[in-house]
Amino acid sequence: MSRRINIAIDGPASSGKSTTAKLAAEKLGYIYIDTGAMYRAATLAVNDEGVDINDEQAVTSCINNHRISISIKEKQQRTYLDDQDVTDQLRTPQINKTISVISSYKEVRKAMVEQQRQLAEKGGVIMDGRDIGTVVLPDAELKVFMIASLEERAKRRFIELEAQGIRQTLEEVKEDIRKRDRIDSSRSLAPLKKAEGAKELDTTGLTIEEQLKIILDWVDIAISEKKRC
Ligand code: DC
């Protein structure tokens, strides 16, 4: 029996999901999939076309006119909008402001979830997002719910934006995150919440190495439990 498991990591913005998941994937030789990038590419299309984000039908039809896909190149995920590689255009304040509304729409989610499930069919995937343990991969052998204080998450995002040359005050970043958390957790469809059986990891005050070690220990346990079955 294959010992490659699937790992689902959910949690609010900047809780440490992607950094930890990427490093864990590297260590394990697994594929890391950032599902947020797919919703970001959808949002880019909607913003670029000037569609009213509150008009669900218009948003859905805009997204249905495009193909959003990902591929793994040199172990890195690249995200495409139609044939264009948009990976480097996805982490902007403009997208951060509108993404939660767009990703709350039913048809938008349906298309993404189908693709994400296909990507995990063969196992050996670490996928992060908001609904991975609850909706996309409820049977993942390891489910993690990652959290951190709002203060710490805002600081992390602020540093990330600064490194990209994007200027926002810490207060603005904090407000964006707070708003996004509220919409992501309260939407009726696939809200952000801890999945049944998920292990909670609070990354406040932890180093990346500490977070990674905890995840890798949990992976070992999940693999040995799978072997026993
Ligand atoms: O992980 P991220 O910060 O790049 O995600 C951006 C937004 O995309 C997030 O605020 C909500 C949405 N998202 C989602 O609804 N479901 C996912 N599986 C991943 C992201």
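Note that ligands are numbered from 1 as they come in the structure, with each ligand's atoms numbered from 1 the same way. Keep in mind that the numbers below use all heavy atoms, side chains included, and drop hydrogens, waters and symmetry copies.
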P93 and I166, any side-chain heavy atoms less than 4.5 Å apart: yes

Sub-4.5 Å side-chain heavy-atom contact between V135 and R117: yes

Under a 4.0 Å threshold between the charged nitrogen and the carboxylate oxygen, would [Y] count as salt-bridged to [X]?
| X | Y | result |
| --- | --- | --- |
| D184 | K193 | no |
| E210 | K213 | no |
| D181 | R153 | yes |

Heteroatom distance test ([X], ligand 1): nitrogen or oxygen, under 3.5 angstrom:
| X | result |
| --- | --- |
| D34 | no |
| D128 | no |
| T35 | yes |

Check for me whether [X] has a heavy atom closer than 4.0 Å to any atom of ligand 1.
| X | value |
| --- | --- |
| R109 | yes |
| M38 | no |
| R91 | yes |

R187 and ligand 1 - part of the residue with a heavy-atom distance under 4.0 Å: side chain

The one among [options] that brings a heavy atom closest to [atom]:
| atom | options | result |
| --- | --- | --- |
| atom 8 (O) of ligand 1 | V113, D181, I99 | I99 |
| atom 20 (C) of ligand 1 | S100, G36, S185 | G36 |
| atom 2 (P) of ligand 1 | M112, R130, K17, Q116 | R130 |

Contact atoms of ligand 1, heavy-atom distance to [X] under 4.0 Å:
| X | answer |
| --- | --- |
| Y39 | 8 (O), 13 (N), 14 (C), 16 (N), 17 (C), 18 (N), 19 (C), 20 (C) |
| G129 | 17 (C), 18 (N), 19 (C) |
| D184 | 9 (C), 10 (O), 11 (C) |

ILVMFWY cluster, Y39 and I33 together (side-chain gap under 4.5 Å): yes

same_hphob_cluster(I183, V51) at 4.5 Å side-chain heavy-atom cutoff: yes

Heavy-atom donor-acceptor pair, S185 side chain to R182 backbone, under 3.5 Å: no

Partner of L90 under side chain to side chain contact (heavy atoms under 4.5 Å, CB included), chosen from L81, N96, T79: T79

Heavy atoms of other groups near N65 CG, more than 12 under 6.0 Å: yes

Donor-acceptor pair between S103 and R180 side chains, under 3.5 angstrom: no

Among all the protein's non-hydrogen atoms, which is closest to [atom], and how far away is it?
| atom | result |
| --- | --- |
| atom 4 (O) of ligand 1 | R40 NE, 2.8 Å |
| atom 18 (N) of ligand 1 | D131 OD1, 2.8 Å |
| atom 6 (C) of ligand 1 | R180 NH1, 3.4 Å |
| atom 12 (C) of ligand 1 | S103 OG, 3.4 Å |

